[in-house]
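Following: one structure in structure tokens, then a few remarks.
Order of the sequence lines fixes the chain letters, A, B, ..., with proteins taken first and strands second; residue numbering starts at 1 for each chain. Remember, predicted model here, so these are calculated numbers, not experimental data.
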Amino acid sequence: MVAARPISSSRLPGLAFFLVVASAAAMSVLVLMPLIVVFHDAFLKGLGKYLASIRDPDALSAVRLTLLVAAIAVPLNALFGIAAAWCIAKFEFRGKGALLTLIDLPFSMSPVVSGLVWVLLFGAQGWFGTWLLDHDIKIIFATSGLVLATILVTFPFVARELIPLMQDQGADEEAAALTLGASGFTTFWMITLPNIRWALLYGVLLCNARAMGEFGAVSVVSGHIRGLTTTLPLHVEVLYNDYDFVGAFAAASLLASLGLITLVLKTGLEWRHAGELSANRRR
Amino acid sequence: MTEQAVLPGPGAGLVKRPRRAPWVQHSILPGFGLSLGITLAYLGAIVVLPLIALAVRPWELGLAGVWHALAAPRVAAALKLSFGISALAALVNAPLGLLIAWTLTRYVFPGRRILDALVDLPFALPTAVAGIALTALYAPTGPLGSLAARVGLKTAYSPLGIFIALVFIGLPFVVRSLQPVLQDFDQELEEAATTLGANAVQRAVRVILPALAPSLISGVSLAFARAVGEYGSVVFIAGNLPGRTEIAPLLIVIKLEQYDYAGAAAIGLAMVAISFGSLALINWLQLFLAGRGRA
């Protein structure tokens, strides 16, 4: 059953078998069981209760808000990712290293800090708090705050997929198109975009999954106003804290499905279009 | 991009070559100003400006005030808990990640690809979902929590629960850091060691492990950095008892609810500073090990 690839290890079929079983067991307990329990607990009181929880008006508005926030945050970060990758990968200029560090920075920040910084700027006692109040603009405890927090958390996803790939690809094809008389836009549209489309899709996929599933950062800026500023992950929290476990796990099952679909598409991209993803994504 | 790469195209002599600042090497490609402009403006608004606020606002309290805010028993306990358990979870992830990365790259067995895809599940599962799922599993009435209770262990609502959640979210970092190195590992080195009479244990410890060390360290440090800031998967299982199972990110949330912006910013800044300090230390360790391996 267990075939060892390298010659050296094939002398230890017993050890190989043991290691495979041990990792499968560890993965099952640590990773697979939490996934199973989400769906198990969501359907604990039957299909009727499950459907009722999902059709609840607060749940539906949470789904709508989650989709809205992702629909704003993901395209903005994708556009930024393309622009950043274009100038970093196709040109040589000083200060590139610092720029790359700054782009990666949001990955090493706590999600809670990514929410906190917006409160420090736009909260009631934030730097722009009084100005916003005078002009009757609401950012914290409103949709725009959720969007800003989500943008910060998912900031590097697309750029990070595109920069290494476009650096590998160089600028020769674009240079050839331009010397043949193509305009800058045509060159980008006909040469660059087809070259990066799968990596772009990969980055957008990861960015979107994180944007829809983000909890810590949006939790800080949301204020948890039911039906108004609760995204789907926050809706899960509200229900869970109200001891509505079936409702919480029903909403969580939607998010878990999103995660599973993302995982399947991501793995598919890694297998099918390995050559067109950045090198560290090839499997 | 050098001058040689630029071919004289049709009309090249007619178009006046745009002059660029001396810190940019000349290129025939257009859009440098536009793309850099968009990048800097967006980066400035989304990352730099907020970070300036984080760096500046704690000092409204004054130096003594910041120290006072951080040294308060509840805050100090939370920081110690967050960094301590994160380090512990990252360290446990090292052998666990090594085991999984090893079996995934070295053996062919049914279900290998599924197991490989499952490694990313902690990335893909939203943290709040992971949080309530882990709590349901490890609560005293849950399937795993009741098992642990039988041997006298309290899992959920204790530091052990936090530890389990942090192992869960940190695992993919270690596995994914190790996999490419294990995949590319030169098998001839192992074979050479075998012909020289090394047994399996000697090969693993003296040939393979030194080659893996840099990526193992980087995987562990990524897992550590993620664990320190983790919120969603921890708050549900932690129990959040002040001074005992209250993590630093939660304390930021609590301070904000009390409108103590400067205090919240102080904790946030301290977390960022300690994280960067430990990552720098780990980086140095990695360079040190890599240098020794080459010598």
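Proximity to chain A involves both the backbone and the side chain of B:L115, based on heavy atoms less than 4.5 angstrom apart. Neither the backbone nor the side chain of B:A130 comes within less than 4.5 Å of any heavy atom in chain A. Contact of B:L269 with chain A is not made at all, since no heavy-atom distance falls under 4.5 Å. For A:W118, the part lying near chain B is the side chain, with the backbone staying farther off; criterion is any non-hydrogen pair under 4.5 Å. Both the backbone and the side chain of A:A124 come within contact range of chain B, with heavy atoms under 4.5 Å apart. When heavy atoms are compared at a cutoff of 4.5 Å, A:L258 does not approach chain B at all. Of the two parts of A:V31, the backbone and the side chain both hold a non-hydrogen atom closer than 4.5 Å to a non-hydrogen atom of chain B. In this structure, the portions of A:V119 lying under 4.5 Å from any heavy atom of chain B include both its backbone and its side chain. There is no contact between B:L34 and chain A, counting heavy-atom distances below 4.5 Å. Contact of A:S219 with chain B is made through the side chain alone, with heavy-atom distances under 4.5 Å. Only the side chain of B:Y138 comes within contact range of chain A, judged by heavy atoms closer than 4.5 Å. B:A53 touches chain A through backbone and side chain together, each having a heavy atom under 4.5 Å away. With a 4.5 Å cut-off on non-hydrogen atoms, A:L260 touches chain B through its side chain but not through its backbone. For A:A84, the parts lying under 4.5 angstrom from a heavy atom of chain B are both the backbone and the side chain. When heavy atoms are compared at a cutoff of 4.5 Å, A:M33 approaches chain B by way of both its backbone and its side chain. For chain B, the nearby parts of A:L102 are the backbone and the side chain; heavy atoms of each come within less than 4.5 Å. For a residue to count as touching a neighbouring chain, one of its non-hydrogen atoms must lie under 4.5 Å from one of that chain's; by this rule B:P180 does not touch chain A. With a 4.5 Å cut-off on non-hydrogen atoms, B:A45 touches chain A through its backbone but not through its side chain. Using a 4.5 Å cut-off between heavy atoms, A:P111 contacts chain B through both its backbone and its side chain.
The aromatic rings of A:Y243 and A:F245 sit perpendicular, their planes meeting at an angle over 60°, well past the 30° parallel limit.
Taking the six-membered ring for Trp and the full ring otherwise, the centers of A:F157 and A:F107 sit less than 6.0 Å from each other.
Taking chain A as the reference chain and counting heavy-atom pairs below 4.5 Å, the highest number among B:V119, B:V129, B:V48 is found for B:V129. Top candidate by heavy-atom pairs under 4.5 Å with chain A, chosen from B:T127, B:V47, B:V235, is B:V47. Contact tally against chain A (heavy-atom pairs below 4.5 Å) for B:A133, B:S35, B:P122: the top residue is B:S35. In terms of heavy-atom pairs under 4.5 angstrom with chain A, the leader among B:L43, B:L125, B:L40, B:I38 is B:L43. Among the candidates B:G37, B:G111, B:P126, the residue making the largest number of heavy-atom pairs closer than 4.5 Å to chain A is B:P126. For the set B:A193, B:A262, B:A225, B:G229, the count of heavy-atom pairs under 4.5 angstrom toward chain A peaks at B:G229.
When only modelled atom types and interatomic distance are considered, B:E230 and B:S233 share a side-chain donor-acceptor pair under 3.5 Å.
The CG atom of B:L29 sits 5.0 Å away from atom CZ of A:F91, with the distance rounded to the nearest 0.5 Å. Taken from OG in A:S257 to CG in A:L263, the straight-line distance is 12.5 Å, to the nearest 0.5 Å. Rounding to the nearest 0.5 angstrom, the gap separating the CG atom in B:L137 from the CG atom in B:L144 is 5.0 Å. Between the CZ atom of A:R210 and the OG1 atom of A:T154 there is a distance of 8.0 Å, given to the nearest 0.5 Å.
Tested against A:E174 for a side-chain hydrogen bond (donor to acceptor under 3.5 Å, both in side chains), the candidates A:T192, A:T179, A:T187 yield a single pass: A:T192.
Here the side chain of A:D244 pairs a donor or acceptor atom with the backbone of A:G247 at under 3.5 angstrom.
Looking at heavy atoms from C-beta onward, B:Y259 lies in side-chain contact with A:Q125 at the 4.5 angstrom threshold.
Close approach to chain A, defined as a heavy atom under 4.5 Å from one of its heavy atoms, is seen in B:V167, B:F168, B:L171 of residues 164-173 of chain B, taken by number.
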